[in-house]
Every structure is written in structure tokens, then in C-alpha cells.
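Numbers here are sequence positions counted from 1. Atom set for the values below is all heavy atoms of this structure, side chains included, hydrogens, waters and symmetry mates excluded.
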Amino acid sequence: MRRRRRLAHLVLFCPFSKGLQGRLPGLRVRCIFLAWLGVFAGSWLVYVHYSSYSERCRGHVCQVVICDQYRKGIISGSVCQDLCELHMVEWRTCLSVAPGQQVYSGLWRDKDVTIKCGIEETLDSKARSDAAPRRELVLFDKPTRGTSIKEFREMTLSFLKANLGDLPSLPALVGQVLLMADFNKDNRVSLAEAKSVWALLQRNEFLLLLSLQEKEHASRLLGYCGDLYLTEGVPHGAWHAAALPPLLRPLLPSALQGALQQWLGPAWPWRAKIAIGLLEFVEELFHGSYGTFYMCETTLANVGYTATYDFKMADLQQVAPEATVRRFLQGRRCEHSTDCTYGRDCRAPCDRLMRQCKGDLIQPNLAKVCALLRGYLLPGAPADLREELGTQLRTCTTLSGLASQVEAHHSLVLSHLKTLLWKKISNTKYS
């Protein structure tokens, strides 16, 4: 009887087995091997996930480094005391995608915030995690002691000219930098304040935040300490990929991801409102007060929105000033257009005869955004709108980055798209 029960259990465990009695030892070995393989694979996935998380999420290291520099008097800032002495900055969920740029959701003075901090590669990766990390003070080496406020102003202006272009509005931006440096409003900029704001300017996203502070679709800067800074709380994602385990996301085919976007994401009218905000952001990037900016990684991961479904750019790391992109392309040797790529998708044509990159990008911001919106807006769109919307988005994706097309044609296409979407949601609760 016991033997029969045991065989029945084996049949249940290995339902593929037939003629069990004659092959019992082999089946038992096979079942044990499969069980061992499953345990091994699961353990390996857990290990990989933990290793990746511990490498990407090092907020405690960032805080120790920043507070160490603050206590030594090397840096300062509007949130230093709250961060290092009063412990009023709460680090919550890790959102980092790379070890060098730490991103966390957090809480500061009862406000939801995003905490961002850079970790230099000079950190000793072999050091114990509980040991106080050391960082070469390369980031906080300027300005040096004895630098006058006039020299610091000229130094800041030169830096902004190199990164944003020689624009008449830059002196006003320099004034904003100095005003921000004097966070305690004592009408003077100390060496620690100057070192902190200079280090912040080296962070691409901070420079973009500073340049786009007047724009409603960029997150608002709330405070800083050294090169650590706080912005408004993390906007909602364009689709709720965060609800999925991180290990499963790369394994999902794009078709399934699109289906999940519709099932878990906002209703179509809300998506239309978010899309209108994204199109307005494209307008803001084009010939703004501090020049033109290019979106060099156009993905849904960078599309965020508030609780009222107003668009917010989730990540400005891959938005680059025109001057920076042109400097990268100027005189660059190439064989193909792929050799003329800045970031992920800011690509210029290659002059095969001269074997040098040209200056105009193949695709402007608007064309890349429209390609993104085809997959975001067309699924689930109202039947009476789908055909016209599809036609306008297709027309938009064919736009080129040639200077002769950029001005009037782009503005006209963008205006038509916004009008089409507004007509559908205006005078409803979604507007």
C-alpha cells in the first residue's frame, strides 16, 4: 500500500512518466535533477537581482560622502543641515538605473521629493560597505581660495557659453546661479557655496533644470547640498512598468508591453492630455530663452505626469543643449551615420566624401515624439478620430531636422496635432 502511494506521488510530481515501475530509478534521478535545476535558476536570479540592486542603489554612500564634505566646511547648501544634522530628508525607494547617478524618491519637510546625487567612479568598489567612503575632491576643486566674486561670475558665464551657446540671455542666468548660491541670503557667496554651485553645474540634468525653470513641464528645483539636489516628487510613469518585477521587464515582448500600457495606464482621454503636454514641452525646447535643446533618448520611460495628468518630463539626463551636440559633431570622423550619434538617438548624417559628421540632425524632436505617440495614442483612440490622428502622426514622423524645414513647417504640424487632440477632450472632465 505504501509503495502504491509513493508511486502515486511520483506520478503526480512527474506526470510525463509512463511505465513507471520499469523506469523508477531513472525517473527519480530526472525529477531530482529538474528540482535542483529550478532551485539553482531561482537562486541565480535572486543573486543577480541583489547584486544589481546593491550596485545601482548606493544612497547611503552618497549621503555619507556629502555629509563628510559638509562637516569639513568644503560644501554647503540649502538642505545640508536638514540632511546631515537634523536628518529630515527621508530616503525611500531607489529609482537609480546606473551606479554613477543615484536617484531616490523621498520626503523632505512633508513634501514628496526626488533625491539625486552623483557618485564618482573613484570610489573604491572593494571597500567595505560600512566603511566611510573616500572620494577624490576633483568635483569640489573649483573655484580655488582667493577667487573674487567677479572672477567667479566670469568663470560661470564662460562655462554657460560653452554649454548653451553665446546667448544674450546668459548674464541673467549667471545672476540666477549667484542668487541660488547665496542660499542663506547674507548678500555674499562663500567659498563653500561657490564650490557647491559649481559642482552642480557640472551635472547635465541640473544645468537643464536651471535653464528650464520657467517652463511648466520641467520639475521644480527645491534645494541642494554640494552636488546633491532635490526636485519635486517623482511623476507617475507613462505606463506602470514599475508594478512588474525588474527581472521580467526585459523579457516581455514589445507587443505585450503595449497591451500592459493600455490595461494598466490612464484612459485614452487622459493619455491625450499627457500627449498635449509633451507636444508643448517640444515647443519649449525649441528656441527658448537659453537656446534650443535636443531630446536624445525619446522613450516612454521619460514621459511622466502629475496626479491631474499634466505632463512632466521624468528625466532630463538625455536632453542636451544644441551647442553641446554641435560641439560633439563638429569635425567628428565617420564612416556611417551611426558614428554621428549623440546619446541614444540624436543622429546626424555622415558626409561620405569628407568622412565627417554634418551639423543638422536627421530627426528633430517633434518627429521622434510623434513616432512615440503613434504607439501611445492610436491604440484605444475613438473611432471617429483614429484615421485623421494616424495620418497627422505619420506626416509628423517624416519631418527632417534640416534648418529650412524647422521653423514654419514644424510649428504648423505641431499646432494641428494639439488642436485635433484638444477638440476631442475640451469641455469634458478630462480638460
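- Residue pairs meeting the ring-ring contact (aromatic ring centres under 6.0 Å, His included) criterion with at least one partner in residues 151-182, sequence neighbours excluded, are F159-W198.
- In this structure, R220 places its CZ atom where only 12 or fewer heavy-atom neighbours from other residues, nucleotides or ligands lie under 6.0 Å away.
- A disulfide is not assigned to C334 and C340, since their SG atoms are no nearer than 2.5 Å.
- In summary, D339 and R333 do not engage in a salt bridge, as defined by a charged side-chain N under 4.0 Å from a carboxylate O.
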- request: Decide side chain to side chain contact (heavy atoms under 4.5 Å, CB included) for D182 and D186; before the verdict, give the C-alpha distance in whole Å, the side-chain angles of both, and the deciding distance to 0.1 Å.
  value: CA-CA 7 Å; D182 182 24; D186 61 355; 2.6 Å; yes

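- In this structure a side-chain-to-backbone donor-acceptor pair under 3.5 Å is present from T391 to E387.
- Rounded to the nearest 0.5 Å, atoms CG (L170) and CG (L160) are 6.0 Å apart.
- Under the 4.5 Å side-chain criterion, counting only non-hydrogen atoms from C-beta, W108 is in contact with V79.
- Using a 4.0 Å cut-off between charged nitrogen and carboxylate oxygen, E151 and R153 do not count as a salt-bridge pair.
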- prompt: How far apart are the C-alpha atoms of M313 and H217, what are their side-chain angles, what is the distance that settles it, and do they pass the side chain to side chain contact (heavy atoms under 4.5 Å, CB included) test?
  reply: CA-CA 6 Å; M313 192 66 178; H217 300 302; 5.8 Å; no

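- One distance of note links CG of L279 with NZ of K418; it measures 7.5 Å at 0.5 Å rounding.
- H60 contributes atom NE2, which lies 10.5 Å from atom SG of C62 (distance to the nearest 0.5 angstrom).
- At least one side-chain heavy atom of L389 sits under 4.5 Å from a side-chain heavy atom of L421.
- In this structure, the side chains of F311 and Y305 stay at 4.5 Å or more apart for every pair of heavy atoms.
- The CE atom of M295 sits 11.0 Å away from atom CD of Q318, with the distance rounded to the nearest 0.5 Å.
- Ion pair K424/D384 flagged as a salt bridge, since at least one NZ, NE, NH1 or NH2 atom sits closer than 4.0 Å to an Asp/Glu carboxylate oxygen.
- Here the side chains of N163 and R327 are in contact, with some heavy-atom distance below 4.5 Å.
- Residues passing the side-chain contact (heavy atoms from CB on, under 4.5 Å) test with L353, sequence neighbours excluded: D351.
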task: I would like to know whether E283 and E280 meet side chain to side chain contact (heavy atoms under 4.5 Å, CB included); could you show each step before the answer?
output: CA-CA 5 Å; E283 284 182 298; E280 289 172 349; 4.1 Å; yes

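- In this structure the side chain of Y229 reaches within 4.5 angstrom of the side chain of E205, judged on heavy atoms.
- Between C67 and L83 the shortest side-chain heavy-atom distance falls below 4.5 Å.
- Side-chain contact check for D227 versus F140: some heavy-atom pair is nearer than 4.5 Å.
- Residues forming a side-chain hydrogen bond (donor to acceptor under 3.5 Å, both in side chains) with S415 (at least two apart in sequence, or on another chain): none.
- Distance alone, capped at 3.5 Å, is enough to place a donor-acceptor pair between the K273 side chain and the T308 backbone.
- Counting heavy atoms from C-beta outward, L417 and L414 have side chains that stay 4.5 Å or more apart.
- With C225, the cysteine C80 has an SG gap short of 2.5 Å.
- Salt bridge K312/E232: present, at least one basic N to carboxylate O contact under 4.0 Å.
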- prompt: So F293 and L164, side chain to side chain contact (heavy atoms under 4.5 Å, CB included) or not? Walk me through it.
  reply: CA-CA 9 Å; F293 298 87; L164 300 177; 3.9 Å; yes

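- A donor-acceptor pair is defined here as one N or O able to donate and one able to accept, closer than 3.5 Å; no such pair exists between the side chain of S105 and the backbone of T114.
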